[in-house]
Chemist: 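Please see the structure below; I have some questions.
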There are 2 protein chains.
Amino acid sequence: MTDAAPRPTLEAVAARAGVSRATASRVVNGGDGVREPLVERVRRAVEELGYVPNQAARSLVTRRHDAVAVVIAEPETRVFADPFFALQLRGISKELTAHDNQLVLLLTEGRDDHARVGRYLAGGHVDGALVFSLHLDDPLPGLIRRAGVPTVFGGRPDWSDDDAGSDGDGDDRLRVRAAEGEGVNGAGRIGGREGGGRPSDLGGVMYVDSDNRDGARTAVRHLVGLGRTRVAHITGPLDQTSAADRLDGFRDVRVDVDPRLIEESDFTPAGGERAMRELLDRRPDLNAVFAANDLSAAGALRVLRERGLRVPEDVAVIGFDDMLPVADQTDPPLTTVRQDIEEMGRLMARLLLSRLDQRAAPTTATAAADKDAPTGVVLPTTLVRRASA
Amino acid sequence: MTDAAPRPTLEAVAARAGVSRATASRVVNGGDGVREPLVERVRRAVEELGYVPNQAARSLVTRRHDAVAVVIAEPETRVFADPFFALQLRGISKELTAHDNQLVLLLTEGRDDHARVGRYLAGGHVDGALVFSLHLDDPLPGLIRRAGVPTVFGGRPDWSDDDAGSDGDGDDRLRVRAAEGEGVNGAGRIGGREGGGRPSDLGGVMYVDSDNRDGARTAVRHLVGLGRTRVAHITGPLDQTSAADRLDGFRDVRVDVDPRLIEESDFTPAGGERAMRELLDRRPDLNAVFAANDLSAAGALRVLRERGLRVPEDVAVIGFDDMLPVADQTDPPLTTVRQDIEEMGRLMARLLLSRLDQRAAPTTATAAADKDAPTGVVLPTTLVRRASA
């Protein structure tokens with residue numbers, strides 16, 4: 001696009017499309033009240049001539065609302081109780097605000113409300129969506145696909161093969177790949193269509209994730225390096241890929257682990273307490289715990305203290321997240337796997353906005369570029385040593 | 001509206017408006033692509049005949065999105081740090097979900113973003129708005145008025161006389177009435193246009209509030225009843241009516257108070273600490289503190305302990321909110337003025353939905369009823385005694 005050439009006018013667009021200037025204008029201004037074949041002709045003329053409307057009109061023709069929905073697939077009570085979401089929202093908010101986009105947080109009471117969220121997304125109120133905390137069997141991914149809004153997921157979604165290609169009314173399901181021994185993206189790697197695995201799973205889907213599996217491996221190796229041989233694992237909800245990947249990482253290092261050393265939990269402090277009690281009842285001789293997040297590690301620490309066990313002397317404990325002010329305020333302060341939660345939010349927003357910009361461009365060149373766009377960005381994790389291990 | 005009479009048809013509407021059935025239908029289905037005078041004629045015919053479209057069409061003619069925006073006039077970091085907002089959102093979320101309305105939380109980084117919020121509200125993405133935590137000089141009320149969306153405020157807004165009648169582009173300002181000696185609504189009273197005061201201020205504006213002034217009076221009377229004669233007050237931000245009203249209540253009881261016993265703060269724990277230090281430096285002999293909310297009271301308690309002062313023996317402390325789990329977990333547990341924050345949120349949502357239902361009704365009878373609708377609902381407060389006073 002050179003500035004030297006005169007810009008094509010709206011009149012030229014109208015002439016090429018064979019419609020009146022008023023009709024062409026109406027299409028450029030959103031297309032309301034114009035029959036679809038005419039809209040199509042005008043749009044084609046716009047593309048062929050490389051017509052660039054002024055900024056205001058352009059935002060109308062591209063139907064940009066400068067608004068992005070955030071959907072957290074948890075009840076609002078959890079959204080406000082778990083600082084993880086506040087941190088991720090902080091990153092998202094900063095990035096969207098820097099680009100003068102409105103953050104539209106869609107809150108729900110629970111999964112029963114996800115159909116309504118899908119209707120809102122389909123209603124043309126936002127340009128795109130950022131979705132996180134997906135669980136297995138959640139209808140959201142299918143609803144979002146049908147809503148047709150560009151979406152970036154927080155955390156790797158995992159559709160089963162059957163649904164990857166369909167856009168019918170069937171159930172869209174997430175599927176957990178726990179213990180299937182598949183590799184994940186390397187640290188910081190931007191993966192397109194990966195070799196191995198099932199590339200069709202994630203075709204066209206964009207997501208930002210941490211390297212959960214590698215982070216878990218690092219944590220468990222550290223515990224083993226401390227000479228701990230009876231390492232237990234408090235998992236997150238295994239219908240989420242983040243939890244399943246951390247379990248995979250744990251198993252990578254503890255290949256023949258006694259299954260009684262693994263207890264499924266739910267990422268909450270109360271869940272961590274319950275799991276710790278279970279594990280101690282089953283294996284009172286355990287001498288290390290890897291908890292799948294800091295909140296459940298905090299619950300585990302309380303139970304260990306209650307039972308008179310010293311940390312780390314009797315039981316070493318490692319968490320995941322490095323969530324502040326949680327990890328630094330436990331007793332003792334928590335050794336944990338750090339992921340940059342705020343940065344993940346920021347990156348999700350950045351990816352979505354850049355995809356929206358590509359869509360808004362009035363040429364067809366981006367269609368090809370889009371196919372090569374990265375589908376997943378996986379951020380590295382690091383071990384942060386404090387007192388608990 | 002009787003069921004016996006045959007319902008007027010769309011054809012009848014078209015005939016009365018003097019337009020084709022297709023045009024009438026298009027107006028009933030949203031009005032897109034129809035010139036404004038025709039839209040007006042069809043709408044009038046709909047009203048005159050009492051035409052009731054079927055549910056789906058009706059939601060289109062009334063342009064209901066079944067979505068309600070929530071705007072908290074604070075940066076998102078504060079929204080997630082102060083459990084007050086989580087509680088109010090909980091009430092709002094429950095009520096909206098019960099009526100299958102989507103809660104759309106519009107987050108911002110700060111006041112600079114309020115113009116964008118105004119644009120979103122004006123963009124036809126929601127049916128109405130719930131707005132709280134307004135501050136003096138915030139452009140939001142003016143932006144909301146211009147956006148033309150029905151709104152219920154949390155906390156009494158306070159426009160100055162100059163702006164009450166205008167809907168031009170001028171600055172719309174909130175004005176604090178602190179220390180003007182005006183009465184507030186009695187506990188639980190539903191106020192229409194009150195005698196005294198400036199009725200034009202709140203004409204047409206709906207809000208839900210607690211009886212902040214009466215609550216403050218109760219707290220301070222309790223301290224005086226304990227024999228405390230040197231009662232200090234840590235205020236909230238005085239550009240908010242809730243804080244100004246609590247200061248008024250404090251002054252109602254302590255008429256000739258030494259101004260050095262009053263310190264303005266900001267409803268945060270850190271602000272409470274700062275204010276407590278100021279007050280102790282100025283009046284080391286103070287023997288009671290009324291803090292304008294529980295979070296600042298918690299900060300004050302920490303400073304008192306740090307200075308070696310016993311609570312309540314040396315200094316009695318009362319907060320405001322009865323926010324759990326804050327008030328019951330301070331050391332010592334906090335005596336405080338309880339307001340039902342979740343119920344306030346629920347009531348805001350309920351009032352808005354009922355106003356939207358009135359608007360959606362296709363008769364003009366509601367226009368008259370609307371004028372008599374309550375403008376403010378003020379909930380009573382109660383003193384909750386724990387150990388700090």
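Quick note: numbers below take in every heavy atom, side chains included, and nothing from hydrogens, waters or symmetry partners. This structure is a prediction, so every number in the text was calculated from the model and none was measured. A note on names: the letters A, B, ... follow the listed sequences, proteins ahead of strands, and every chain is numbered from 1.
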Chemist: Is chain A contacted by the side chain of Asn101(B), its backbone, both, or neither, given a heavy-atom distance below 4.5 Å?
Modeler: backbone
Chemist: Ion pair present between Arg355(B) and Asp127(B), side-chain N to carboxylate O less than 4.0 angstrom?
Modeler: no
Chemist: Donor-acceptor pairs under 3.5 Å, side chain of residues 70-78 of chain A to any protein atom, not counting sequence neighbours: which ones?
Modeler:
{"from": "Glu74(A)", "atom 1": "OE2", "to": "Ser133(A)", "atom 2": "OG", "distance (Å)": "2.5"}
{"from": "Glu74(A)", "atom 1": "OE2", "to": "His135(A)", "atom 2": "NE2", "distance (Å)": "2.8"}
{"from": "Arg78(A)", "atom 1": "NH2", "to": "Asp82(A)", "atom 2": "OD2", "distance (Å)": "2.6"}

Chemist: Flag the pair Leu140(A) / Leu134(A) as yes when at least one side-chain heavy-atom distance between them is below 4.5 Å, and no otherwise.
Modeler: yes
Chemist: Looking only at atom types and distance, does a side-chain atom of Ser93(A) sit under 3.5 Å from a main-chain N or O of Leu89(A), one as donor and one as acceptor?
Modeler: no
Chemist: Using 30° and 60° as the class limits, which term best fits the ring planes of His65(B) and His125(A): parallel, tilted or perpendicular?
Modeler: perpendicular
Chemist: Looking at Arg116(A) and Asp66(B), is any side-chain nitrogen of the basic one under 4.0 Å from a carboxylate oxygen of the acidic one?
Modeler: no
Chemist: Which residues from residues 339-350 of chain B are near chain A, with near meaning under 4.5 Å between non-hydrogen atoms?
Modeler: none
